[in-house]
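Working notes for the structure below.
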There are 2 protein chains.
Amino acid sequence: MERPELPLAQLHAFVVLAEELHFGHAAARLGIAQPPLSQQIRRLEDKVGHALFSREPGRVTLTPAGRELLPAARRALADLADGLAAARAAGSGRAGRLRIGFAASLALTVLPGLLRDFRQRFPGVRLDIREMTTAPQLAALCDKSIDIGLLREPPADEAELSFRTILTEPFVAVLPAAHPLAAQRTVRLAQLAGSPFVLLPRAAGPRLHDQIVGLCAAAGFTPQVAQHAVEWQTVCALVETGLGVSLAPASIRRIRLKGVAFRGIEPGAARTRVAVGWRTHDRNPLVAHLLATVSQDRPDVSQPPQPGHDALP
Amino acid sequence: MERPELPLAQLHAFVVLAEELHFGHAAARLGIAQPPLSQQIRRLEDKVGHALFSREPGRVTLTPAGRELLPAARRALADLADGLAAARAAGSGRAGRLRIGFAASLALTVLPGLLRDFRQRFPGVRLDIREMTTAPQLAALCDKSIDIGLLREPPADEAELSFRTILTEPFVAVLPAAHPLAAQRTVRLAQLAGSPFVLLPRAAGPRLHDQIVGLCAAAGFTPQVAQHAVEWQTVCALVETGLGVSLAPASIRRIRLKGVAFRGIEPGAARTRVAVGWRTHDRNPLVAHLLATVSQDRPDVSQPPQPGHDALP
DNA sequence: CCGCTCCATACCTCTAGAGATATCAGGCGA
DNA sequence: TCGCCTGATATCTCTAGAGGTATGGAGCGG
């Protein structure tokens with residue numbers, strides 16, 4: 001790429017003169033005297049190396065060189081005016097692009113409402129939304145390929161990142177409908193000791209995985225994982241086939257499968273957190289906007305299960 | 001249209017830094033020291049009103065405002081580089097647009113060869129070709145809406161315009177095939193006195209019209225025009241129907257109609273001229289190129305008619 | 001011929017910015 | 001801790017150009 005040769009002020013004067021085809025009128029339109037305009041055009045012509053205007057008695061016309069330069073000058077001036085407006089809008093937080101990563105299960109809880117509210121308040125902002133499990137979200141936040149992460153069980157020791165809990169929800173047992181424990185309203189964790197488990201891999205969400213395993217340990221057993229699945233929807237489908245049972249965040253009740261029963265657990269004090277994450281020193285105003293939207297938008301899903309939701313045997 | 005706010009040199013530096021994301025490397029690439037680059041970017045940021053780069057320990061990244069400005073800056077710089085190259089090419093005669101007007105009958109003579117040769121020699125030049133009769137061509141040359149005119153019988157008294165004869169051709173009589181005179185190889189003009197004529201209106205080509213009328217007058221009669229037609233092809237079609245006879249430039253023999261006979265005339269000394277016209281003081285190098293091409297490209301159509309061309313009764 | 005219009009040229013002042021050198025401050029790694 | 005890397009800041013010189021005023025030359029019309 002070479003250095004630009006033509007000054008924009010001169011190109012602007014050129015365009016105005018090309019429209020007026022009269023040095024006096026163009027000078028008045030530019031708010032200057034005629035001789036300085038004459039000099040400006042001369043300087044531009046010297047830089048191009050050819051006359052851009054033909055000066056005849058009684059009229060000024062464009063030369064072929066001038067006719068070639070005019071559309072390019074117009075386009076460039078317009079490009080820059082647009083780009084400057086867009087840069088200012090982005091800088092002030094009225095426009096721009098916000099890149100959001102989210103864990104799949106959050107599509108069942110906070111994501112829809114948050115996106116709706118944000119779009120309503122900031123229609124000029126383009127949202128780039130990508131599904132990613134927790135660990136990849138943390139990496140993407142650090143390397144700046146996303147601006148916002150929506151995830152579960154945020155880490156406590158990320159130096160560059162900050163997190164804020166949006167909501168907490170209890171766990172539920174996920175059982176095949178025909179499972180003997182499905183007949184109960186609530187399941188004691190110890191009762192699950194004899195059943196194989198279907199769980200997400202630790203790598204997908206280390207803290208959530210460890211929390212679930214920890215609950216089982218507190219109940220006196222280590223879950224025997226028969227199958228891993230990255231998505232909670234897949235977990236439910238495998239449970240439905242009778243492959244095993246699971247422990248999951250309560251919001252997955254929204255996944256409605258005939259052959260799956262969701263039951264409250266005892267002890268029921270444990271909760272899993274949903275959080276928004278961002279780079280601590282990120283000054284992007286859109287990030288601040290989204291955090292503000294999250295703070296005003298806190299749906300409560302800690303209500304008890306409603307009758308009719310589960311497939312009763 | 002407002003004045004441009006951002007200097008191109010600063011935008012150029014911005015683009016290079018956005019590519020390198022390292023002040024030292026970008027400065028080296030620009031051929032300056034790092035502090036001046038730092039100052040330049042600062043000045044640009046002050047003009048935009050927002051930081052364009054985020055400076056963190058160990059790395060430089062674009063802000064949202066910077067990300068919005070980058071494509072616009074790139075486009076504008078490219079537009080101007082292209083426009084400047086096009087202006088220079090047009091100014092030096094390597095490229096640009098040439099607007100040519102031509103009388104329809106010249107499509108039967110000089111036009112195809114001229115266009116072919118010119119395109120071969122100047123492939124970068126766009127040709128804008130419009131069919132116009134002689135009088136509109138003269139007006140368009142004067143008001144600069146065409147650069148070149150190809151016409152017949154150029155005027156002798158146009159102050160701003162110059163003309164050069166490309167070729168001359170004799171006249172032929174245009175007769176219905178069943179006309180008694182069609183049996184002759186050559187027709188004396190006086191023999192046409194009793195027949196109605198089909199001619200182009202004087203307004204379409206005053207001098208050609210007057211030349212034809214003058215030939216008849218020299219032969220002792222004034223042609224009785226039964227019908228006018230602007231195109232020679234239409235003239236031939238009307239002659240074919242038996243509506244009348246005509247006198248026309250010899251090249252219209254190329255219009256092949258079964259029911260039309262073309263015959264040489266006596267006296268046969270008169271010739272009609274085909275000329276190229278241009279504005280005398282036009283400095284457009286493409287005009288010079290075309291005039292040069294015309295000078296090297298002089299097909300000779302003054303040969304006698306070849307057997308088999310005419311419909312014999 | 002004279003007055004007016006139109007664009008060019010000459011000369012002037014002022015300013016912004018381009019680029020330089022010198023230096024500082026912060027962070028990182030050995 | 002020290003050395004190195006990186007970007008910022010301070011200060012300086014120089015130049016191009018932006019815009020002004022005054023004037024000149026050409027052409028046109030009354």
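Hydrogens, waters and symmetry mates are skipped; everything else that's a heavy atom, side chains included, is used. Lettering of chains follows the sequences in order, A, B, ..., and the numbering in each one begins at 1.
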Does [X] have any side-chain contact (heavy atoms from CB on, under 4.5 Å) partners at least two apart in sequence or in another chain, and if so, which?
X	answer
A:T133	A:P136, A:A204, A:V230
A:L111	A:F102, A:L115, A:L150
B:A51	B:E45, B:T63

Which distance, rounded to the nearest 0.5 Å, do you find between the CZ of B:R130 and the CD1 of B:I146?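 Reported to 0.5 Å precision, the distance equals 7.0 Å.
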Look at the side-chain N and O atoms of A:K47 and state whether any lies under 4.0 Å from the OP1 or OP2 oxygen of D:dG17. yes
Distance test, side-chain N/O of B:H22 to OP1/OP2 of D:dG7, below 4.0 Å: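 Looking at the OP1 and OP2 atoms of D:dG7, one of them is under 4.0 Å from a side-chain N or O of B:H22.
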Mind checking what makes salt bridge (charged side-chain N to carboxylate O under 4.0 Å, His left out) contact with [X], not counting sequence neighbours?
X	result
A:R126	B:E68
A:R97	A:D128
A:R59	A:E56

If every non-hydrogen atom of A:A13 is compared with every non-hydrogen atom of A:L37, which pair is closest and at what distance? CB-CD1, 3.9 Å
Atom pair distance, as rounded to whole Å: [atom1] in [X] and [atom2] in [N]:
X	N	atom1	atom2	result
B:E56	D:dA8	CD	P	13 Å
A:L21	C:dC7	CG	P	10 Å
A:L30	D:dG20	CG	C1'	15 Å
B:D46	C:dA16	CG	P	13 Å
A:R59	D:dC28	CZ	P	12 Å
A:I32	D:dG20	CD1	P	6 Å
A:R55	D:dG27	CZ	P	16 Å

Using the test side chain to side chain donor-acceptor pair (under 3.5 Å), find all partners of B:R99 that sit at least two apart in sequence or belong to another chain.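 With sequence neighbours excluded, B:R99 shows a side chain to side chain donor-acceptor pair (under 3.5 Å) to B:D147, given in chain and number order.
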At under 4.0 Å between heavy atoms, which parts of nucleotides 22-30 of chain C does protein reach? Answer with one letter per nucleotide, 5' to 3': B base, S sugar-phosphate only, - none. B----S---
Expected list for residues 36-45 of chain A near DNA chain D, using heavy atoms below 4.0 Å, is A:P36, A:Q39, A:Q40, A:R43
